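Structure first, commentary second.
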Amino acid sequence: MPLHVNLYHEVQRQDRARRRDPLRLGMLAILVIAVGFIAYYFVELEQCHAVATVFGGLQDDWSRIDPKCKAAKARQDELDDQIKASDQLKKNVESRFYLAPVLGEILRTVPQNVQLLHVAVDAPADGDATTSLLTVSGISSAAEPRREAETVRTALEAKLGTEFKKVTSVFKALDDSDQLVTFNGHPLPTATFTIEFEIQVRDPIVAAPTPVRRQRIAAE
Amino acid sequence: MKLDSEQIKKIFAALLVLAFILYAYFAFLLGPLQKSQQDATAGIASLEPQIADAKKQIARTAGLEKEAPQATAFLTDIKNSIPDGAPIAWFPPKMTEFFRSQGIEKCTTHLVSDGADSMPGFRRMVWSIDLPKVEFIPLGVAISHLENNEPLLNILNVTIDATREDAQYQHATLVLATLVKS
């Protein structure tokens, strides 16, 4: 085997040492990492741009829709108020108490031998009130004028009872009179009367029961 | 492999540079980018339901707008039926004309009270109508027509008294409330 003398071993050693230089290797590693980071940054930048584009579009939509939405809300409130007012007005009109039927029943019920001197009808005071008050004063003439007045009271109560929910009546006054009236050629004794009718025209509004709070009983 | 002091210095310097680059990368590049991306994502998450709600609101109002004319027709008709101008100027003549059309010639109308009503856009006025000479049946018919033809009118009280002069006629007083435009 021939003897081989490497006269360049010093140069090669230095070359190997330069290739294995930790600083150089480190710089190369940093460069690779930096390229990776930059690539990742651009990926993130692209994603961020896409998200920002979507967000910008939504902001444009919102800036366009928001005034319309506010106007729509205001208009809805206005329409709701109008509809509510219309419904309330309709309810008020439909729940009115009509006085004409009461007068009609009086006309149909009171006989010829009874003369009415005063009739007063009060409608329920407000929407919550349920009763109406009818006051009838007059003169009854018959063989038994008090009984005639009672007949008028019961007949009118029965008639009004068919029209309304509940009717109660009471004599406020019933007095014999000295005067005689001639009816169908016969003189008849008379009595003056005042009858008050309480007419329930609608059901009372039942309030929702309020929760009763238990009171703590103080120990004696 | 044994490192000499020069190489150790270089490695240390390289590590310092690397640490600085990493810090700068995360603090000034990637961090703000991710922050703005998170903000945009959060903004999208909050805006999307708001836009959906706004669209629903607009659609709801549009639907209501279509239904409103029918729903408020009663209110519109009622308001249109009320004459313009001061009620004291047109209501008494209207009542006089009405009772004349019912065959009751004498009629005097007075304003009793005037106040706000619970209904928005309306005022409640209470009037007293004096009918000094009226027969019971025509009065009942007139009241019936009045109640049926004037939906805003509410008769509060009717008082009928027999007159001493003529038993055929009565003296009637009506107290009624009506709504007018405020």
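Because the structure is predicted, anything quoted here is derived from the model rather than measured. A note on names: the letters A, B, ... follow the listed sequences, proteins ahead of strands, and every chain is numbered from 1.
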On a heavy-atom basis, which atom in [X] and which in [Y] lie closest, and how many Å separate them?
X: B:Ile155; Y: A:Ala123; result: O-CB, 3.3 Å
X: A:Trp62; Y: B:Ala54; result: CZ3-CB, 4.0 Å
X: B:Ala40; Y: A:Val51; result: CB-CG1, 3.4 Å
X: A:Leu89; Y: B:Phe122; result: CD2-CZ, 4.2 Å

Measure the spacing between [atom1] of [X] and [atom2] of [Y] and express it to the nearest 0.5 Å.
X: A:Cys48; Y: B:Gln38; atom1: SG; atom2: CD; result: 10.0 Å
X: A:Glu44; Y: B:Gln37; atom1: CD; atom2: CD; result: 5.0 Å
X: B:Gln57; Y: A:Lys70; atom1: CD; atom2: NZ; result: 12.5 Å
X: B:Asn157; Y: A:Asp122; atom1: CG; atom2: CG; result: 4.5 Å
X: B:Thr61; Y: A:Lys73; atom1: OG1; atom2: NZ; result: 8.0 Å
X: B:Ile78; Y: A:Asn92; atom1: CD1; atom2: CG; result: 10.5 Å

Quick one: what part of [X] sits under 4.5 Å from any heavy atom of chain B, side chain, backbone, both or neither?
X: A:Leu116; value: backbone
X: A:Glu94; value: neither
X: A:Tyr40; value: both

Atom [atom1] of [X] with >12 non-hydrogen neighbours under 6.0 angstrom:
X: B:Lys181; atom1: NZ; value: yes
X: B:His145; atom1: NE2; value: no
X: B:Gln168; atom1: CD; value: yes
X: A:His49; atom1: NE2; value: no
X: B:Phe12; atom1: CZ; value: no
X: B:Ile137; atom1: CD1; value: no
X: A:Gln12; atom1: CD; value: yes
X: A:Gln47; atom1: CD; value: yes

I'd like to verify something: which residue of [options] has the highest number of heavy-atom pairs under 4.5 Å with chain A?
options: B:Pro151, B:Gly140, B:Gly121, B:Ser144; answer: B:Pro151
options: B:Leu33, B:Thr159, B:Ile143, B:Leu75; answer: B:Leu33
options: B:Thr163, B:Thr72, B:Leu179, B:Val158; answer: B:Val158

Please look at [X] and chain A and tell me whether the side chain, the backbone, both or neither of the residue comes under 4.5 angstrom of a heavy atom of that chain.
X: B:Leu139; value: neither
X: B:Phe26; value: side chain
X: B:Phe136; value: side chain
X: B:Glu150; value: backbone
X: B:Leu15; value: neither
X: B:Leu47; value: side chain

Among A:Ile33, A:Ile65, A:Ile83, A:Leu79, single out the residue with the greatest number of heavy-atom pairs under 4.5 Å to chain B.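 The residue among A:Ile33, A:Ile65, A:Ile83, A:Leu79 with the greatest pair count is A:Leu79.
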
Heavy-atom pairs under 4.5 Å with chain B are the metric here; pick the option from A:Leu103, A:Val121, A:Leu45 that has the most.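 Among A:Leu103, A:Val121, A:Leu45, the one with the most close pairs to chain B is A:Val121.
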
Does the side-chain contact (heavy atoms from CB on, under 4.5 Å) test come out yes or no for B:Leu174 and A:Leu99, once each step is laid out? CA-CA 11 Å; B:Leu174 277 66; A:Leu99 288 168; over 6 Å; no

Just wondering, do A:Ile38 and B:Leu29 contact through their side chains at under 4.5 Å, heavy atoms?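 No, their side chains stay 4.5 Å or more apart.
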
Short N-O contact, A:Arg96 and B:Glu147, less than 4.0 angstrom: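 Looking at B:Glu147 together with A:Arg96, the answer is no, because their closest N to O distance does not fall below 4.0 Å.
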
Could you tell me whether a side-chain N or O of A:Ser86 sits under 3.5 Å from a main-chain N or O of B:Ala71, the two making a donor and an acceptor?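 Indeed, once roles are kept as given, a pair shorter than 3.5 Å links the two residues.
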
Donor-acceptor contact present, side-chain B:Tyr25 to main-chain A:Phe37, <3.5 Å: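 Judged by distance alone, yes, a pair lies under 3.5 Å.
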
